[in-house]
Amino acid sequence: LSRDDYIAMSGGKTRRADGGRIYVVRANGSVAVNGGNRWYHSGSVKIKPGDTIVVPVDAEHLPPLPLWQAVTQIIYNVAIAAAAVHSF
């Protein structure tokens with residue numbers, strides 16, 4: 001089975017998963033990571049007995065509510081600054 005087959009059998013990736021940074025911890029302690037090239041696509045890395053597939057959480061993911069709160073605060077501050085400049 002491929003790496004993606006094992007991930008699918010375990011329930012799949014969540015919305016917060018960072019699918020681009022999946023890595024495999026070998027039973028001997030070594031780590032197989034994606035070095036930025038195409039060698040690590042599903043099926044190309046042989047999963048051996050004892051290996052652990054790690055799908056990290058996307059730490060850069062920003063939930064929608066805090067994102068829109070930040071955007072509206074910026075727009076509000078720009079509008080206040082424009083009103084202040086226009087009043088002079």
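Here the structure is a predicted model, which means the values were calculated and not measured.
- Ile74 and Tyr76 are assigned to two separate hydrophobic clusters, defined by single-linkage of ILVMFWY side chains at heavy-atom distances under 4.5 Å.
- The environment of CD in Gln73 is sparse: at most 12 heavy-atom neighbours from other residues, nucleotides or ligands sit within 6.0 Å.
- In terms of heavy atoms, Arg3 sits closest to Ile22 at CD-CG2, 3.7 Å.
- Classification of Asp18 and Arg21 as a salt-bridged pair holds, one side-chain N sitting under 4.0 Å from a carboxylate O.
- Cluster annotation: Ile75 is connected to Trp68 through the hydrophobic network of ILVMFWY side chains, with a link wherever side-chain heavy atoms come within less than 4.5 Å.
- Nearest heavy-atom pair, Arg26 versus Lys46, reported as atom, atom and distance to 0.1 Å: NH1-O, 2.8 Å.
- Just one of Ile53, Val54, Val31 meets the side chain to side chain contact (heavy atoms under 4.5 Å, CB included) condition when paired with Val24; it is Ile53.
- Hydrophobic clustering (ILVMFWY, side-chain heavy atoms < 4.5 Å, transitive): Val25 and Val33 are in one cluster.
- Between the side chains of Ser30 and Asn28, a donor-acceptor pair is found at a separation under 3.5 Å.
- In this structure, CE on Met9 lies 11.0 Å from CD1 on Ile7, to the nearest 0.5 angstrom.
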